Amino acid sequence: MLDFVRNNRRLMLLLLLVLVFPSFVFFGVESYSRFMDSSHDAAKVGGRAITQQEVDNVLREQSERMRQVLGAAYDPRQFEGPEARKAVLDQLILQRVVADEVNREHLTVSNERLYEAIIAIPAIAQLPKKADGTVEDKAYIELLASQGMTPEQFDARMRFDLATQQLGQSIGATAFMPKSLLDRLIAARDQQREVQPLLLKATDYAAKVTADDAALKAYYDKHRQAFSVPEQAKVEYLVLSADALAAGISITPEQLKSYYDSNIARFRTDEQRRASHILIAASKDAPAAERQAAKDKATRLLEELRKHPDTFADVARKQSQDPGSAEKGGDLGFMGRGALVKPFEDAMYALQPNQLSDVVETDYGYHIIKVTEIKPSQTRPLEAVKTELEAELRKQLAAKQFTEQADAFGNTVYEQADSLKPAADKFKLTIQTADNVTRAPNPALGANNPLNNEKVLTALFSDDAIKNKRNTEAIQVGPETLVAGRVVEYRPASVRPFDAVRDQVRAQYVAEQAAELARKDGEAQLAKLKQSGSADGFGAAVTVSRQQPAGLAPKAVEAVMRADASKLPAMVGVDLGAQGYAIYRIAKVSQPAQANPAQRQADAQQLSQLAGQSELEAFFESLKARSDVEVLKPAAPAESQPAG
């Protein structure tokens with residue numbers, strides 16, 4: 001066959017052209033049509049689309065960020081399903097309408113406000129500083145570059161974010177909380193009521209329930225779905241992950257040494273110097289006479305310091321015009337090369353410990369420098385970082401191996417779909433099994449178990465997997481994790497027969513009827529007690545407030561605090577469901593001592609913030625209404641593709 005191909009190349013090329021060209025035309029047109037098709041849009045805001053891909057990207061970013069924060073406690077299910085996608089879509093719609101409003105109102109921020117916001121970011125605040133206290137340019141640019149941004153891009157993003165915040169703050173600030181309303185809200189929140197409980201427990205009425213076979217059968221027939229067993233499957237599955245691959249990777253001494261040598265800069269600490277200085281300020285644009293006067297003053301101070309070098313710190317506190325270091329005796333802390341302006345740095349690196357420099361001129365004025373301590377350059381040896389490097393290198397090799405094997409794994413489980421064994425043998429994986437798997441995730445399996453992944457469960461309970469017992473496709477459940485499964489045994493949903501669940505039916509029937517008897521008896525007793533006001537049968541009095549429920553159920557607290565207490569004693573009844581029925585006798589209403597002014601101010605601020613939040617939410621809704629928001633379809637996930 002190969003000889004035929006070699007000897008008839010022109011014929012084979014013509015045959016390929018005939019076969020491939022029509023396919024290219026049809027698939028090319030279809031791909032172009034799909035690209036132009038708006039059916040993949042999730043919503044439109046003012047005629048501009050928010051695509052399903054944008055929703056997917058935000059979900060993926062949020063999921064990965066949460067995975068990094070929570071580690072083993074991370075539950076991927078919180079980012080799956082229609083609720084999570086709807087929340088993200090709502091967030092994107094809100095961002096879009098707010099952005100439109102910011103542009104419409106031409107909101108912006110000053111350069112000074114922008115600088116204050118940027119320098120307040122912790123990662124930027126920790127960067128090396130120049131002598132004037134501003135951030136060193138090189139370090140700032142490198143930090144932004146590591147995040148894939150230029151200073152100009154970051155400035156634009158920060159300006160927009162600050163303008164957006166300005167919009168929200170200005171709307172929230174319009175909320176007004178009248179003093180009379182504030183007083184009523186605080187009084188309602190802090191009001192205390194002395195109540196006596198009378199609990200009619202449902203269990204006390206169980207003996208009065210007649211549970212003959214006829215009643216139980218009727219109950220069973222009415223609530224058949226409560227005694228059903230959902231469809232279940234016994235499954236086998238394989239997990240190909242970088243973590244599992246890493247466990248089987250051995251690192252040789254030669255590999256480790258090579259990796260160490262290529263990353264040695266990470267373990268090298270350049271020489272650092274701790275210096276103090278005295279600055280006599282004179283800007284570079286100052287008149288020559290002013291700069292000369294500053295230089296003369298610095299020269300006189302230097303002459304005195306050479307006579308009395310031990311007074312350097314005291315002189316710096318009194319004479320230095322650098323506000324950042326003067327109060328610390330001129331101390332600038334440890335610095336490496338590149339942290340300061342060049343004339344200052346050159347002079348500092350020319351000094352020995354406790355040696356004074358000559359007067360050094362910079363654009364900020366005239367300096368007297370004293371080096372107090374030197375940390376020499378040093379490199380951590382391989383042995384000190386061996387464990388860290390081995391884990392790093394193993395993780396990198398595993399990620400590379402996973403990338404190389406992912407397609408082959410997907411192809412194997414797809415092409416040899418009658419069993420997972422070929423893939424298990426080829427990739428040295430263990431076939432895992434699980435029984436009683438249902439369409440719904442099972443918390444007992446653990447949040448990170450692949451059988452709790454919505455995509456995996458959907459694939460396992462597809463017609464092809466159930467009827468034909470074929471492998472599922474390789475499904476990505478994590479950044480470097482693929483799962484393929486297979487249904488070994490399928491059991492459809494069924495209702496358990498009455499005789500098999502008789503005891504369960506009886507327990508539920510008796511509990512339900514007993515709770516109903518308790519409710520009826522409670523309502524009858526409540527009517528009588530409202531007439532008599534008697535305290536007979538009630539328990540000891542407890543003091544209840546909205547902030548201190550004293551052990552009462554939330555439903556009971558709400559009923560007690562809402563009851564009309566204009567005439568005491570007052571009675572209120574609460575249906576507690578399966579627990580029974582409770583009657584509460586309200587004997588006293590009181591207000592606690594007035595809070596101190598600081599607490600009242602804090603309360604007022606909190607309530608005003610809540611009012612402001614309500615105003616802001618109403619404003620956002622009005623923006624959506626006038627921005628022509630159209631949700632095109634439920635934000636459903638994109639169809640998963642086979643890994644192969």
Side-chain angles (χ1 to χ4, degrees), residues 34-35 37-70 73-107 109 156-175 440-441 447 452-455 457-458 476-479 606-640:
R34 182 178 299 175
F35 176 76
D37 185 8
S38 65
S39 63
H40 294 280
D41 295 340
K44 284 188 177 181
V45 178
R48 291 184 298 146
I50 296 175
T51 66
Q52 296 284 4
Q53 186 62 47
E54 289 180 77
V55 177
D56 290 339
N57 291 342
V58 173
L59 271 172
R60 194 177 301 111
E61 290 171 4
Q62 291 181 350
S63 177
E64 186 56 31
R65 194 178 304 121
M66 194 61 69
R67 184 193 303 277
Q68 294 173 359
V69 172
L70 297 180
Y74 166 74
D75 183 358
R77 289 176 296 171
Q78 61 187 308
F79 295 100
E80 298 175 357
E83 293 82 5
R85 298 184 67 81
K86 182 180 183 302
V88 168
L89 181 58
D90 290 343
Q91 174 186 339
L92 291 174
I93 290 172
L94 181 58
Q95 289 175 355
R96 186 71 60 83
V97 298
V98 171
D100 289 346
E101 183 69 8
V102 168
N103 292 329
R104 187 161 42 243
E105 296 295 332
H106 305 292
L107 298 180
V109 294
R157 177 179 294 185
M158 286 293 294
R159 281 188 191 277
F160 180 79
D161 288 347
L162 290 171
T164 303
Q165 294 173 19
Q166 183 183 28
L167 177 65
Q169 291 168 356
S170 62
I171 297 299
T174 62
N452 272 338
N453 182 278
E454 186 175 322
K455 294 178 182 177
L457 291 174
T458 299
Q476 186 165 359
V477 298
Q606 183 179 19
L607 290 169
S608 295
Q609 288 174 350
L610 290 174
Q613 185 64 32
S614 297
E615 292 284 348
L616 188 58
E617 290 175 0
F619 174 69
F620 286 154
E621 290 303 318
S622 70
L623 285 184
K624 290 180 183 179
R626 79 183 191 200
S627 296
D628 190 20
V629 176
E630 180 184 5
V631 178
L632 300 177
K633 62 169 66 177
E639 294 182 3
S640 59

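What you see is a predicted model, and the numbers here were worked out from it, not measured in a lab. As a basis for the values below, the full set of heavy atoms in this structure was taken, side chains included, without hydrogen atoms, waters or symmetry mates.
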Original post:
Quick one: salt bridge (charged side-chain N to carboxylate O under 4.0 Å, His left out) partners of R48, sequence neighbours excluded?
Top reply: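 Only D100 meet the salt bridge (charged side-chain N to carboxylate O under 4.0 Å, His left out) criterion with R48.
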Original post:
Sequence neighbours excluded, which residues qualify as salt bridge (charged side-chain N to carboxylate O under 4.0 Å, His left out) partners of D90?
Top reply: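 With sequence neighbours excluded, D90 shows a salt bridge (charged side-chain N to carboxylate O under 4.0 Å, His left out) to K86, given in chain and number order.
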**OP:** May I ask you to decide if V55's main-chain N or O and Q52's side chain share a donor-acceptor pair within less than 3.5 Å?
**Re:**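 Not at all, since once roles are kept as given, no pair shorter than 3.5 Å links the two residues.
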Separation of [Y] [atom2] from [X] [atom1] (nearest 0.5 Å):
X: T51; Y: N57; atom1: OG1; atom2: CG; result: 7.5 Å
X: K44; Y: I50; atom1: NZ; atom2: CD1; result: 11.5 Å
X: D161; Y: R159; atom1: CG; atom2: CZ; result: 12.5 Å

Original post:
Excluding sequence neighbours, so at least two apart, what forms side chain to side chain contact (heavy atoms under 4.5 Å, CB included) with A87?
Top reply: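 A87 satisfies side chain to side chain contact (heavy atoms under 4.5 Å, CB included) with no residue once adjacent residues are dropped.
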Subject >> Distance-minimising heavy-atom pair for I93 and A43 >> reply: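 So the two residues come closest at CD1-CB, 4.1 Å.
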Subject >> 4.5 Å side-chain heavy-atom contact, V88 and E54 >> reply: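 V88 does not reach E54 side chain to side chain.
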Original post:
So R85 and L59, side-chain contact (heavy atoms from CB on, under 4.5 Å) or not? Walk me through it.
Top reply: CA-CA 7 Å; R85 298 184 67 81; L59 271 172; 3.4 Å; yes
